[in-house]
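Working notes, beginning with the structure itself.
Along the sequence shown, residues carry numbers from 1.
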Amino acid sequence: FTDEKKRELNKPIDGRFPLHIEHENIQDFLRCQVPFHWHPELEIITVDAGHVSLTIADHTYEGTHGDVFFAAGEELHEIRAAGRENQFRSFVFAADFLQFAADQSEFALLSPLAEGRLRFATCIRAGEPGQSEIRALLAQIVRAWQVQAPGCQLAVKAALLGIVAV
């Protein structure tokens with residue numbers, strides 16, 4: 001659900017651990033789409049099966065299994081596909097969640113990312129540099145989140161920082 005400005009309303013991020021992970025079958029959505037929306041948090045979207053069409057800002061991408069997409073905070077985006085075989089996973093988190101004591105990476109990467117001055121490449125296709133590393137780090141996040149063992153939040157945060165480092 002969105003408000004009149006298309007800001008997403010139905011997925012509040014928990015302030016104690018600001019990460020939201022969803023594994024979705026596009027067929028489960030009305031008209032096989034997640035309509036245009038935005039939120040202040042960053043979003044990483046992986047295509048886990050089939051083909052998914054994503055529009056991020058003003059560019060449309062056709063994603064296939066293995067592709068990784070990044071939507072910046074407050075960036076309008078939507079996801080579309082037809083058929084039960086089309087699946088994606090989204091990771092939504094506040095950029096400032098990655099911040100810690102000031103050091104070189106804070107000034108060069110994390111602060112600019114949180115302030116919107118540094119952005120991820122919008123699309124990393126299967127086989128492109130960094131794609132397999134990012135997919136492996138996202139799989140670590142899913143495993144840590146599913147197990148919920150002590151320290152899982154730190155494992156998730158470390159993997160997200162690893163994505164920034166790639």
Side-chain angles (χ1 to χ4, degrees), residues 1-2 6-8 10-11 13 18-98 105 109-110 112-114 116-147 152 155-166:
F1 295 103
T2 62
K6 300 215 179 288
R7 180 179 178 152
E8 186 174 48
N10 58 337
K11 297 177 187 167
I13 300 292
L19 173 73
H20 185 79
I21 301 173
E22 285 199 28
H23 185 245
E24 303 290 355
N25 182 314
I26 196 73
Q27 192 72 27
D28 295 339
F29 289 92
L30 183 63
R31 293 183 304 223
C32 298
Q33 74 174 26
V34 178
F36 275 110
H37 67 285
W38 65 271
H39 34 76
E41 300 84 13
L42 299 165
E43 184 168 356
I44 302 171
I45 304 158
T46 62
V47 180
D48 294 340
H51 294 62
V52 177
S53 177
L54 297 99
T55 301
I56 301 173
D58 60 354
H59 191 80
T60 299
Y61 302 88
E62 297 302 321
T64 60
H65 181 263
D67 290 346
V68 179
F69 297 88
F70 293 88
E74 300 183 7
E75 192 164 48
L76 196 61
H77 57 284
E78 77 167 346
I79 304 169
R80 295 181 315 278
R84 182 155 293 285
E85 70 280 4
N86 301 307
Q87 296 181 11
F88 68 95
R89 188 180 308 261
S90 66
F91 302 77
V92 180
F93 61 96
D96 61 3
F97 169 59
L98 302 177
S105 64
L109 297 172
L110 300 179
L113 182 65
R117 294 183 288 119
L118 176 68
R119 298 169 59 112
F120 291 106
T122 303
C123 174
I124 302 174
R125 301 273 184 204
E128 290 184 346
Q131 183 271 350
S132 61
E133 292 88 347
I134 292 170
R135 291 287 299 198
L137 289 162
L138 292 170
Q140 288 178 16
I141 292 171
V142 170
R143 284 190 300 276
W145 197 251
Q146 288 172 338
V147 173
C152 76
V156 168
K157 193 170 187 176
L160 287 171
L161 288 168
I163 292 169
V164 173
V166 170

Query raised in the report: Could you go step by step and tell me if Leu118 and Val164 meet the side chain to side chain contact (heavy atoms under 4.5 Å, CB included) rule?
Result: CA-CA 10 Å; Leu118 176 68; Val164 173; 5.6 Å; no
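- Scored by the side chain to side chain contact (heavy atoms under 4.5 Å, CB included) test, Thr60 finds Ser53, Thr55, Glu62, Arg80 as partners (sequence neighbours excluded).
- The NE2 atom of His37 lies 11.0 Å from the CD atom of Glu75; values are rounded to the nearest 0.5 Å.
- Between Cys152 and Ala144 the shortest heavy-atom distance is CB-O, 3.4 Å.
- The heavy-atom pair separating Ala95 from Ala114 by the smallest distance is CB-CA, 3.5 Å.
- To the nearest 0.5 Å, the span separating CD on Glu41 from CD on Glu74 amounts to 9.5 Å.
- For the pair Leu138/Ile163, a side-chain contact is recorded, criterion being any heavy-atom separation below 4.5 Å from C-beta on.
- Applying the side chain to side chain donor-acceptor pair (under 3.5 Å) test to Thr122 and every residue at least two apart in sequence or in another chain returns nothing.
- The CD1 atom of Ile45 sits 11.5 Å away from the CG atom of Asp67 when rounded to the nearest 0.5 Å.
- Taking both residues in full, the closest heavy atoms of Ile141 and Ala159 are given as CG1-CB, 3.4 Å, listed atom of the first, atom of the second, then distance.
- Aromatic ring pairs are classed by plane angle as parallel below 30°, tilted from 30° to 60° and perpendicular above 60°; the pair His39 and His77 is perpendicular.
- The structure places CD1 of Ile79 at 6.0 Å from CD of Glu43, a figure rounded to the nearest 0.5 Å.
- Side chain of His65 to main chain of Asp48: a donor-acceptor pair is present (N/O by atom type, distance under 3.5 Å, no hydrogens or angles).
- Distance check: Leu137 CG to Phe91 CZ gives 10.5 Å after rounding to the nearest 0.5 Å.
- Side-chain contact between Thr64 and His51: present, with at least one pair of heavy atoms (C-beta onward) separated by less than 4.5 Å.
- Partner Phe69 forms a side-chain contact (heavy atoms from CB on, under 4.5 Å) with one of Val47, Thr46, Ile44 and no other, that one being Val47.
- To the nearest 0.5 angstrom, Arg125 atom CZ is 8.5 Å from Tyr61 atom OH.
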Requested in this report: Show the numbers, then the answer: is there a side chain to side chain contact (heavy atoms under 4.5 Å, CB included) between Leu42 and Leu113?
Outcome: CA-CA 10 Å; Leu42 299 165; Leu113 182 65; 4.2 Å; yes
